[in-house]
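Convention: sequence-line order gives letters A, B, ...; per-chain numbering from 1. All values below come from the heavy atoms of this structure, side chains included, with hydrogens, waters and symmetry mates left out. Source: prediction; values computed, not measured.
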Amino acid sequence: MSHHIIEVKDLQYTYPDGTPALRGVSFLLTHGETVALVGANGAGKSTLLLHLNGCLIPQAGMVRIGDFPLTRKTLPHVRRTVGMVFQDPDDQLFMPVVYDDVAFGPLNLGLPQEDVEERVMNALSIVGATHLKDRPPYRLSGGEKRSVAIASVLSMAPSILVMDEPTASLDPKARRQLIHLLKTFTHTIIIATHDLDMVLDLCARTIVLKEGQVLADGPTWEILQNEELLDSGHLEKPLRLQGCPRCGGERECP
Amino acid sequence: MANIESSFLDVSYLDTLSYQTTIIHRLDPRIKLITTLFFIATVLSFGKYEIAGLIPFVIYPVVLIALGNLPIAYLLKKVLVAAPFAFFVGIFNPLMDRAVLVQLGPLELSGGWVSFASIMIRFILTVTAALILIASTGFNSVCMALEKMGAPKSLAVQLLLLYRYLFVLGDEASRLTRARSLRTFESRGLGFKVFTNMIGQLLLRTLDRAKRVHLAMRCRGFDGEIRVSRPLKIGGRDLGFMLGWSGLFVLMRLYPIPQWMGGMVAELLK
Amino acid sequence: MHMADALISPTVGGAMWVVTAGLTAYSAGKLKENIDDSRVPLMGVLGAFIFAAQMINFSIPGTGSSGHLGGGMILAILLGPHAAFLTMASILTVQALFFADGGLLALGCNIFNLGFFPCFLAYPFIYRKIVGERPTPRRILVGSLVAAILGLQMGAFGVVLETLFSGISELPFGAFLLLMQPIHLAIGVVEGLVTAAVVTFVWKARPEIMETAIAPRAIKAFSMRKVLGGLLVITVLTGGVLSWFASTNPDGLEWSMFRTSGKEELEAPQKGVHALLAALQEKIAFLPDYSFRKSAKEEPEKAGEAQTRGKSTKEESWPAVSVGTSLSGLIGGLMTLIIAGFIGFGLRKYQGRKR
Ligand SMILES: Nc1ncnc2c1ncn2[C@@H]1O[C@H](COP(=O)(O)OP(=O)(O)OP(=O)(O)O)[C@@H](O)[C@H]1O
Ligand SMILES: [Mg+2]
């Protein structure tokens, strides 16, 4: 088995209406890494993520997950390996009640009833949402929806988690809880986000996309210090790394 | 559906009611569905001039409302709101059918009035029964019941998805109307052009959402079929409910109970 | 407009249920043949869209009233007949359950009136014929307008026929028709205009959507004659079976509208008007055939027997309707209500204590 669990090589994608979204993206990911994917609106983050579990098939270039290059044939395997958490949980939670939604994946895998039940309860307890199991998704708060959406992916036991803007529209507390939760995961995680403070907390490595190309790829700490780079990627130093708003100094005010 | 925004509130209120755990709520949804249908069919099988025979049937909604802890005033209000069509068609009966049918002392009632009253009683009974079904069972369980009873799976899945996204799209639509009403003055901006743009936008967003939902389904192994695992079990209590009520309905259909009671009272008075 | 439970007889409601069930199964089967699984979420979400779109309305100039989107036609255009029919069935089911629009027994009628006509007749035979393979805004406008108007006219006619056959309403056929068709002409015009405008909007903004909506369904596998023939057979069979059941079971549940409305008796020449009135009277438990005094002497149970079974006794006593008879019915009815109220009150009390 290869050391790299995800390999993306010269990936290109143009939407049917002619918008070029990816123009030659390449990177490698190893087991257990947590990587942030940042960049301006429309930089191509979501499009890239959709390739990682075969929602989109590469038009040119290659995506390899584990030992398999992504093609229509390997799709079922890839979908089992890569779990995708969508930006809007309302898109992801389509079943009548939380339990059914978390069970949707395992049932499609053809697991027997007891295994399904075990997986569902296990996934729900990881995200701390067992008490929500009989609730319909439209009766959940934004944070609860997000947790359940993550559980619905965890129940398929993927080894790679792909998340699109997981902290969007979460309140500070829910956001903090989510960060703590993600910290406990041992999966390989790739997160597309605008929340650079979370990146700082969570991801050792950051990939910056710009206009469908990789602008930078390296340790988060270095990238987030490089103001020139951030500026050209339409980004901004996380607040925590900026000077104190009261005294302008690098350290906190006493 | 004059005021659809409040209709949405209604849906969500009825939905809330269905999360209780009373003895009625715990019954198997199939049993409740069948019993409700049987109730409606029995009520409607009476002749068009029937009034007294229909009255004993109130016992069914009354008992279910009481045991199911349902808000009676709210249900009655909903029944009234739905009444116009039956009312306007029914109100022609007194005009058309003027033969005197009942004489209460000096008061003469034409057949038309009697059949009109009968229509309204039927209306109240059948509509209440349907509302009670949904308030005590919940839409999702009714769908499961339909599917288990042999309705095509694709229909059941449609119903579930429709209900799920009713809330999401309802929110979106009310945001759109709110945004419009904040910027319209004296019905300027409420015209056809703006309207179709709004509907068009909503439709485009809906189509995009459908695409994203489909992706989300595919990502979790969707292959065209939705599997719902919810074992339903009919127990003795459920059977008792169904057989008991059905038996009672048949009895009430065959024997004029109010008549007997009236007779007994007359006996006592004498 | 939705058909209401209170206005239909079990025979008509049941027959229409069977017909609609058949159409649903047929559509579901057709849908299964289609490999495109993206249709599954699309239908559900579009069904919800129809509800949501009805929240948005526009003011109709000069009338002071407002209009909104109805649904059937636009669904057919976006989804094709089979998927649109299933979606319409779902919408009407939700309306029946939550908004008491129509009713459970009338659901079959409503799905037929508002689903079958626009999806299986107006769309393939009017809209598609007018718009053709290469749509233009004008063709879309004309096609939607004509299809929506005719679809709704057929639906309204369906309501009239179902009401007529049920025999609960006294409204004469002609008058009802004159009432329903013009109203639905207006509704149809609004519906057609809105449909055309929205379809054109989508067609301009995202032409690829309309193309996929049109392309894969050159309604070739769709044989209208077979469907209509099947429908006719189903309707006649169920109607026949139900009426047969009703006519052989005169003492049991009266399922049949013929008996219910007393029309059969009307046709029987030897009986005449008096017999008809007697038959009517028989139906009114309000009108017992014993007077106040007499009933006091009789055993109540026997009176009940006579009420349901004894046709002959009734015919004799007609038309002597006295104050006493009606009064006993009235008192009985009131008592039933009061007792029911007490039972409800007691049960609720009991429930409350338990909790
Ligand atoms: N369905 C689509 N059809 C056509 N073009 C699209 C579609 N989705 C995205 N695009 C275009 O592709 C480019 C990349 O979009 P993408 O959604 O991947 O950006 P993103 O980095 O996720 O942006 P954001 O931060 O706003 O989520 C954009 O120019 C966008 O306009
Ligand atoms: Mg994005």
Side-chain angles (χ1 to χ4, degrees), chain B residues 4 11 40-41 44-45 47-49 51-53 55-56 58-59 62 66 82 85-86 89 92-93 96-97 103-105 119 122-123 126-127 130 134 152 154 158-159 161-162 165-166 169-170 173 187 190 192 195-196 198-200 206 210 213-214 224 256 258 260-263 265-267 270, chain C residues 4-7 10 25 28 31 37-38 41-45 47-49 51-56 58-59 86 90 97-98 100 103-105 168-171 197-198 201 253-255 260 283-286 288 295-296 300 303-304 307 321 323 326 328-329 331-333 335-336 340 344 347-348:
Chain B
I4 196 112
V11 174
I40 292 175
L44 297 183
S45 73
K48 77 197 259 193
Y49 294 104
I51 288 182
I55 291 179
V58 281
I59 193 69
V62 163
F85 184 64
V89 173
F92 282 93
N93 282 11
M96 300 293 166
D97 176 2
Q103 202 141 25
L104 281 175
I119 287 180
R122 282 156 207 266
F123 176 78
T126 52
V127 168
I134 201 72
S154 47
Q158 279 330 297
L159 285 167
L161 282 172
L162 189 158
Y165 285 99
L166 202 57
L169 295 185
S187 91
L190 289 176
F192 191 66
F195 166 76
T196 50
M198 286 167 73
I199 300 277
T206 306
V213 172
H214 180 233
W260 298 350
M261 288 213 261
V265 170
E267 185 109 19
K270 192 183 158 228
Chain C
D5 263 1
L7 298 175
L31 219 59
D37 60 16
S38 71
L42 183 60
M43 287 161 62
V45 179
F49 161 79
F51 274 97
Q54 289 181 346
M55 287 174 72
I56 307 173
F58 67 99
S59 48
L86 282 182
S90 324
L97 283 170
F98 285 93
L104 289 186
L105 192 67
I168 306 286
S169 160
E170 289 286 345
L171 213 54
V198 174
F201 182 95
L253 294 181
E254 279 167 354
W255 292 100
T260 311
K283 303 288 178 270
I284 319 153
F286 218 95
S295 82
Q307 178 59 31
V321 178
V323 188
S326 306
S328 71
I331 293 172
M335 278 179 54
T336 323
L347 283 176
R348 171 128 324 167

Measure C:Leu97 against the heavy atoms of chain B and call it side chain, backbone, both or neither at under 4.5 Å. both

Closest non-hydrogen atom pair, B:Ala41 against C:Pro10: O-CG, 3.8 Å

Hey, what do you get for CG (C:Leu105) to CG (B:Leu44), rounding to the nearest 0.5 Å? 5.5 Å

Please step through side chain to side chain contact (heavy atoms under 4.5 Å, CB included) for the pair B:Ile119 and C:Leu7, ending with a clear verdict. CA-CA 7 Å; B:Ile119 287 180; C:Leu7 298 175; 3.8 Å; yes

Nearest non-hydrogen partners of C:Gly44 and B:Leu161, listed with the distance: CA-CB, 3.8 Å

For a quick test of reading the model, state the closest non-hydrogen atom pair linking B:Arg122 to C:Ala6 and the distance between them. CD-O, 3.6 Å

Could you walk me through whether B:Leu169 and C:Phe51 pass side chain to side chain contact (heavy atoms under 4.5 Å, CB included), step by step? CA-CA 8 Å; B:Leu169 295 185; C:Phe51 274 97; over 6 Å; no

What is the distance from atom CG of B:Leu162 to atom CG of C:Leu86, rounded to the nearest 0.5 Å? 12.0 Å

Identify the heavy atoms of C:Ala48 and B:Leu166 that sit nearest to each other, and give their distance. CB-N, 3.5 Å

For each of C:Ala25, C:Gly103, C:Ala197, tally heavy-atom pairs with chain B at distances under 4.5 Å, and name the one with the top tally. C:Ala197

Do you know which two heavy atoms are closest between C:Ala340 and B:Val62, and how far apart they sit? O-CG1, 3.2 Å

Identify which part of B:Leu159 has an atom lying under 4.5 Å from any heavy atom of chain C, answering side chain, backbone, both or neither. both

So which of B:Asn93, B:Val58, B:Ile40, B:Thr196 has the biggest tally of heavy-atom pairs under 4.5 Å with chain C? B:Asn93

Atom of B:Gly170, atom of C:Ala52 and distance for their closest heavy-atom approach: N-CB, 4.0 Å

Derivation and outcome, side chain to side chain contact (heavy atoms under 4.5 Å, CB included), residues B:Ile199 and C:Phe201: CA-CA 9 Å; B:Ile199 300 277; C:Phe201 182 95; over 6 Å; no

Output the option from B:Phe92, B:Tyr165, B:Phe123 having the highest count of non-hydrogen pairs under 4.5 Å with chain C. B:Phe92

